[in-house]
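Here the structure comes first, spelled out in structure tokens, and everything after it is commentary.
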Amino acid sequence: MTIGILGGGISGLSLAYFLGSDYEILEKNKNCGGLCTTFEKNGFLYDIGGHIIFSSDKDILNFEVELMGDKVEKRRRSNKIWYKGRFVKYPFENGLHALDKEEIVECIKDYLQNNNLKPTNLKEWFLYTFGNAISEKYMLPYNEKIWKIDPALMGMEWVERIPKPPVEDVIKSAIGIETEGYTHQLYFYYPKTGGFQTLIKTFEEKLNNIHRNEEVASIEKINDKWKVETNKGIYNYEDLVSTLPIFELVKILKIKIPPEVLKAIQNLRYNSMAVVLVGLNKVKHEDLTAIYVPDKESPAHRYCFSSGFSKSLSPEGCSSIFAEITFNSHVLKEEIASQKIIDKTVWWLTKEGFIDKNDVCETDIKYIKYAYPVYDLNYTKNIKIIYDYFDSIKLHLLGRFAQFIYINSDVCIKNAKALANKLKQGVKGVKI
Ligand SMILES: Cc1cc2nc3c(=O)[nH]c(=O)nc-3n(C[C@H](O)[C@H](O)[C@H](O)COP(=O)(O)OP(=O)(O)OC[C@H]3O[C@@H](n4cnc5c(N)ncnc54)[C@H](O)[C@@H]3O)c2cc1C
């Protein structure tokens, strides 16, 4: 085969799909999927946090929906913020009416009379965009929870993902007129059965040459060709695409990497995540997809409700909640007490009235080492050094932790399509 694809997550699989032929995928696990994996415990299915099929790119969304055919259904988002013991419509600026009257006045006054200076970091961007009150009540505490770093130490590369609300909508929301924010996610698609991983399985059905249980152990470049060694054998390729987390790639790359490149990689910051499953012996919260929780007492920043995604995620008559809890990457798995995290999650859900702890019939926890790339203030500088280097050795990087960008699977697919077109034209080592 001419093109070697390392890793069988959505990036690797969709690249293979767009290439059509002449590729080989090497995936270390027995199942493909990576971050799009769905776990199972005694009939309860749960994804790595809330995973939905959506995109602001209509072509990619249509492609995904057509690919899935009758395996997906369209659903309406019902996300809420849980703020001081009450629901506020998501996103926060579209739900101000739910706050106390004094708080509404505070939010609107600060939003309209906003003297914050042009931003240079994420914290300043929130203050500049939403004003002090909205930022301090929700934006900053929520973002501190998810990123585990002071937003003042984060760059603004990430904020292009956050749609800015029209002033009119914020005012309307304050006086109780319904408005919708983040409309590109208002309706989403979700597999009818099998959880989010059904998207992965749909790609797999259309592909050949996937080698599962093959962990790439070393990569060499010999006479302009790539030699890849796995636990099972040796492969030679003309072109190589890595979707492996960049940190894992440099461990197995048998090329002398310049120290400044290694340093740039070491300086990238990421968060790990625990996903906690709480299975209930009742169907609950059919009208909710997720809640976002800025409150420090809550272990998770987000809780997803299986009934809002698909009934097929739980056994008949049951439902579940899955909680997303981020950690700084330096917190080792051994240091995390799994049972304590599960207990705290159940405690908080019970305390806030989302569950009765006597209804809990199943729990589980999974750790995801590479969950969120964190855009700190040196992100752009580091990423440029890294991209320039991999471009110079003509090794293609593709995917969330290979390119180290905060992207969802829709953008992974879009990038894979762009790379496939370039590879088909024989263009080597080009950044996508
Ligand atoms: C909490 C959370 C919520 C998300 N929500 C959504 C959402 O709602 N919608 C959405 O579209 N996206 C969502 N995403 C993003 C989405 O999951 C990722 O963008 C996407 O899955 C990344 O795919 P990838 O193929 O680039 O990387 P990965 O999925 O990380 O794939 C890399 C693959 O490489 C394999 N690998 C690693 N090392 C080796 C080795 N040495 N040899 C061989 N193989 C190896 C891994 O096993 C893995 O299969 C979410 C992500 C998170 C963390």
Side-chain angles (χ1 to χ4, degrees), residues 4-16 24-38 46-57 60-61 64 77 79 146 161 182 184-185 188-191 195-197 199-200 203-204 210-219 228-232 235 241-253 270-275 289-290 300-304 309 322-326 366-374 397-416 419 432:
I5 303 173
L6 311 183
I10 192 94
S11 296
L13 296 176
S14 55
L15 175 66
E24 209 153 46
I25 297 177
L26 305 175
E27 165 56 47
K28 74 169 177 183
N29 290 332
K30 75 171 191 296
N31 293 315
C32 288
L35 286 169
C36 293
T37 297
T38 300
Y46 64 106
D47 301 326
I48 296 175
H51 263 78
I52 56 172
I53 297 174
F54 73 103
S55 186
S56 51
D57 184 319
I60 294 293
L61 184 61
E64 286 182 85
R77 178 190 72 203
N79 287 356
I146 185 168
R161 287 174 63 107
Y182 301 7
H184 64 297
Q185 317 167 347
F188 66 92
Y189 292 86
Y190 193 78
F196 198 79
Q197 195 162 355
L199 172 62
I200 292 290
F203 272 109
E204 287 180 276
I210 305 177
H211 300 250
R212 297 173 187 82
N213 282 319
E214 287 226 25
E215 179 157 6
V216 178
S218 88
I219 302 167
V228 175
E229 197 167 346
T230 72
N231 51 329
K232 290 192 182 161
Y235 300 84
V241 180
S242 170
T243 74
L244 275 42
I246 188 86
F247 312 99
E248 300 300 320
L249 174 67
V250 292
K251 285 186 204 159
I252 56 177
L253 196 55
Y270 65 91
N271 278 352
S272 305
M273 197 178 100
V275 195
T289 39
H301 57 272
R302 184 163 78 160
Y303 297 81
C304 294
F309 288 70
F322 25 103
E324 297 169 29
I325 302 166
T326 49
K366 289 276 186 280
Y367 293 99
I368 313 301
K369 183 165 184 191
Y370 302 110
Y372 283 103
V374 178
L397 304 178
L398 180 74
R400 180 159 163 132
F401 271 92
Q403 294 172 274
F404 205 80
I405 39 179
Y406 180 16
I407 49 173
N408 281 328
S409 56
D410 60 326
V411 181
C412 293
I413 295 171
K414 188 177 174 162
N415 289 349
L419 181 58
I432 35 169

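All residue numbers in this chain count up from 1 along the given sequence. For ligands, and for the atoms within them, numbers begin at 1 and follow the listed sequence. This is a predicted model, so every value here is computed, not measured.
- A search for salt bridge (charged side-chain N to carboxylate O under 4.0 Å, His left out) contacts involving E24 returns nothing, not counting sequence neighbours.
- Proximity of C412 to ligand 1, defined as any heavy-atom pair under 4.0 Å, is confined to the side chain (atoms from C-beta onward).
- Heavy atoms from both the backbone and the side chain of H51 come within less than 4.0 Å of ligand 1.
- Taking a cut-off of under 4.0 Å to the non-hydrogen atoms of V216, the atoms of ligand 1 that pass are 40 (C), 41 (N), 42 (N), 43 (C).
- Salt bridge absent: E27 and R212 never bring a charged side-chain N and a carboxylate O closer than 4.0 Å.
- When non-hydrogen atoms are compared, ligand 1 lies under 4.0 Å from the side chain of N29 (C-beta onward) but not from its backbone.
- Residue-level proximity to ligand 1 for Y370 is absent, since no heavy atom of it falls below 4.0 angstrom.
- Each of the atoms 1 (C), 2 (C), 3 (C) of ligand 1 lies under 4.0 Å from some heavy atom of I48.
- Between S11 and ligand 1, a contact under 3.5 Å exists for at least one N or O pair.
- Heavy atoms of L26 found under 4.0 angstrom from ligand 1 belong exclusively to the backbone.
- Counting heavy atoms closer than 4.0 Å to ligand 1, residue M273 contributes side-chain atoms (C-beta onward) but none from N, CA, C or O.
- For ligand 1, the atoms sitting less than 4.0 Å from at least one non-hydrogen atom of C36 are 21 (O), numbered in the order shown with element in parentheses.
- Only the backbone of I407 comes within contact range of ligand 1, with a heavy atom under 4.0 Å; no side-chain atom does.
- Regarding atom 43 (C) of ligand 1, its nearest protein heavy-atom neighbour is K28 N, 3.3 Å.
- Of all protein heavy atoms, the one closest to atom 10 (C) of ligand 1 is S409 OG, 3.3 Å.
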